[in-house]
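One structure is given here, and the rest of the page talks about it.
What you see is a predicted model, and the numbers here were worked out from it, not measured in a lab.
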Amino acid sequence: MDGLRGGSSQVWSTQVDRDPISYQIFLHPELFIPEFVHKQNCVYMTNIQLWCFRKNMQRNKQVAMGRKKFNMDPKKGIQFLIENDLLKNTSDDIAQFLYKGEGLNKTAIGDYLGERDEFNIQVLHAFVELHEFTDLNLVQALRQFLWSFRLPGEAQKIDRMMEAFAQRYCQCNSGVFQSTDTCYILSFAIIMLNTSLHNPNVKDKPTVERFISMNRGINDGGDLPEDLLRNLYESIKNEPFKIPEDDGNDLTHTFFNPDREGWLLKLGGRVKTWKRRWFILTDNCLYYFEYTTDKEPRGIIPLENLSIKEVEDKKPNCFELFIPDNKDQVIKACKTEADGRVVEGNHTFYRISAPTAEEKDEWMNSIKAAISRDPFYEMLAARKKKVSSMKRH
């Protein structure tokens, strides 16, 4: 014990007796807490207690650093935590860490869980196993599941995650559906229903009758009970899914690995003047900045359901983003005004000019690859086709 104290106990006591409070603050200001001070006396820690306390603080700092690294790059964050003995290199331990989610960006959680590496898939299944869906209807289970992370935009990642969800739900509620395929298909139908009912850009709102009709024959060739479908429809109609908000780290990691970036000219919305902007293409969105050093974009253009075409203009090398089914409709986008206010954009199309014909082609190809229709529709159609083909055989 004396060795741990690192010096004569008599010297230590003498120094403390001179001015115990000041001495503690001087030696360990980062450890000084109000509990050290009592009205009549000064209670001080022994060196071993101080060492343990400092060790714990150091560990907490490393955990916080690991969380930050995870939010920037999930794989590197997990690796950092494992290397510093803060996390075991097992799927169960990592799944627990993600499930608790303390200080973690939910988009990063979704990206990590959606990876196709064998180990990530094991973590995904361990993560889903932590959810208890017993006696919950499908909408209630989806609310719980989709709140624990942010669903990624990549179709293959969504497919793996929803497959794992369907398996877990059927495991917790045997007998509700004939197969996991039924649960998978209905889960996608519910997510699409949520979008259709609560997205202001969708004018043609599906009725309960259409929802029931859409889901005929999905229960291994049979129909699900109409009351079940009506209840699910009403639940979504009355309360949309809550999308988890990220913790403000979005823009710190969104732009690290863009699909493409560079200077382009953009035609204004109301005032038809051309302005040079720094564009970044990533995560199915086109961001533009006034300067390359800006931390926040001047505008954001979500590319979902947009089309792109080459156009002739006085400016060379032009292309245009537009809504294919309704060219007069304002594109859902936002921009930052000079006074800092974020407002909706007013473009029915975005016309952009590249410096060279080669760069125009490269930008157009990159944007075409990024533009996505709702991936749920494609996956739902593929699964229905699979179920239909299994029924024939």
Step by step, work out the side chain to side chain contact (heavy atoms under 4.5 Å, CB included) result for Leu138 and Val176.
CA-CA 10 Å; Leu138 192 56; Val176 175; over 6 Å; no

The test is side chain to side chain contact (heavy atoms under 4.5 Å, CB included); show your working for Asn219 and Leu186 and say whether it passes.
CA-CA 9 Å; Asn219 200 23; Leu186 187 56; over 6 Å; no

Identify the heavy atoms of Val139 and Ser235 that sit nearest to each other, and give their distance.
CG1-OG, 3.3 Å

Before you tell me yes or no, could you show the steps for Tyr350 and Leu286 under side chain to side chain contact (heavy atoms under 4.5 Å, CB included), namely the whole-Å CA-CA distance, both residues' side-chain angles and the distance that decides it to 0.1 Å?
CA-CA 11 Å; Tyr350 282 88; Leu286 197 58; over 6 Å; no

Is there a donor-acceptor contact under 3.5 Å from the side chain of Asn215 to the main chain of Phe211?
yes

Please answer whether the main-chain N or O of Ile78 pairs with a side-chain N or O of Lys69 as donor and acceptor at a distance below 3.5 Å.
no

Quick check for you: to the nearest 0.5 Å, what is the distance between Glu358 atom CD and Trp363 atom CH2?
14.0 Å

Could you measure the distance from the CD atom of Gln62 to the CD atom of Glu83? Nearest 0.5 Å is fine.
11.0 Å

Would you call the rings of Trp278 and Trp263 parallel, tilted or perpendicular, taking 30° and 60° as the class edges?
perpendicular

Short question: side chain of Asn105, backbone of Asn71 - any donor-acceptor pair under 3.5 Å?
no

From CG (Asp361) to CD (Glu310), nearest 0.5 Å:
6.5 Å

May I ask you to decide if Arg116's main-chain N or O and Asn120's side chain share a donor-acceptor pair within less than 3.5 Å?
no

Transitively linked via ILVMFWY side-chain contacts under 4.5 Å: Val123 with Tyr99?
yes

Does any non-hydrogen side-chain atom of Pro152 lie less than 4.5 Å from one of Met161?
yes

Ignoring hydrogens, what is the shortest heavy-atom contact between Leu306 and Ile371? Give both atom names and the distance.
O-CG2, 3.1 Å

Which pair of non-hydrogen atoms, one from Phe165 and one from Cys183, has the smallest distance, and what is that distance?
CE2-SG, 4.5 Å

Going by heavy atoms in the side chains, are Pro297 and Tyr288 under 4.5 Å from each other?
no

Side chain Ser353, main chain Cys318, donor-acceptor under 3.5 Å
no

Quick one: does Lys106's side chain have a donor or acceptor within less than 3.5 Å of a partner on Trp147's backbone?
yes

4.5 Å side-chain heavy-atom contact, Glu239 and Arg143
yes

What closest approach, in Å, do Glu163 and Thr180 show between heavy atoms, and which atom pair accounts for it?
OE2-OG1, 4.2 Å

Roughly how far apart are Ile185 CD1 and Ile218 CD1, rounded to 0.5 Å?
5.5 Å

Tell me whether the count of non-hydrogen atoms from other residues, nucleotides or ligands lying under 6.0 Å of NZ in Lys242 goes above 12.
no

If you compare all heavy atoms of Asn317 against all heavy atoms of Pro355, which two are closest, and at what distance to 0.1 Å?
ND2-O, 3.4 Å

Would Ile236 end up clustered with Met214 when hydrophobic side chains under 4.5 Å apart are linked, directly or stepwise?
no

Fit a plane to each ring of Phe145 and Phe133, take the angle between them on a 0 to 90° scale, and name the class: parallel (under 30°), tilted (30 to 60°) or perpendicular (over 60°).
perpendicular

Beyond-backbone contact of Leu142 with Met162, side-chain heavy atoms, under 4.5 angstrom:
yes

Do we get Lys266 above Phe279's six-membered ring, with its NZ or CZ under 6.0 Å from the centre and within 45° of the axis?
no

Could you tell me whether the side chain of Ser213 and the main chain of Glu209 form a donor-acceptor pair under 3.5 Å?
no

Residue pairs fulfilling salt bridge (charged side-chain N to carboxylate O under 4.0 Å, His left out) with at least one residue in residues 118-140, sequence neighbours excluded:
Glu129-Arg168, Glu132-Arg168

I'd like to know whether the aromatic ring centres of Tyr169 and His131 sit less than 6.0 Å apart in this structure.
no

Can Phe241 be reached from Phe188 by stepping across I, L, V, M, F, W or Y side chains whose heavy atoms are under 4.5 Å apart?
yes

Contact summary for Leu197 and Tyr233, nearest pair of heavy atoms:
CD2-OH, 3.8 Å

Indicate if Val311 and Leu264 have the same hydrophobic cluster label, given that clusters are the connected sets of ILVMFWY residues with side-chain heavy-atom separations under 4.5 angstrom.
no

How many angstroms lie between NE2 in His347 and CD1 in Ile301, if you round to the nearest 0.5 Å?
7.0 Å

Main chain of Pro240, side chain of Asn194: is a donor-acceptor contact present, judged purely on distance under 3.5 Å?
no

Dump the intermediate steps for side chain to side chain contact (heavy atoms under 4.5 Å, CB included) on Asp117 and Lys75, then the final yes or no.
CA-CA 11 Å; Asp117 292 350; Lys75 285 194 173 182; 2.5 Å; yes

Run the salt bridge (Lys or Arg N to Asp or Glu O under 4.0 Å) test against Arg67 and tell me which residues pass, sequence neighbours left out.
Glu102

Among the clusters formed by ILVMFWY side chains lying less than 4.5 Å apart, do Ile94 and Ile121 turn up in the same one?
no

Between NZ of Lys68 and CZ of Phe80, what distance do you get to the nearest 0.5 Å?
11.5 Å

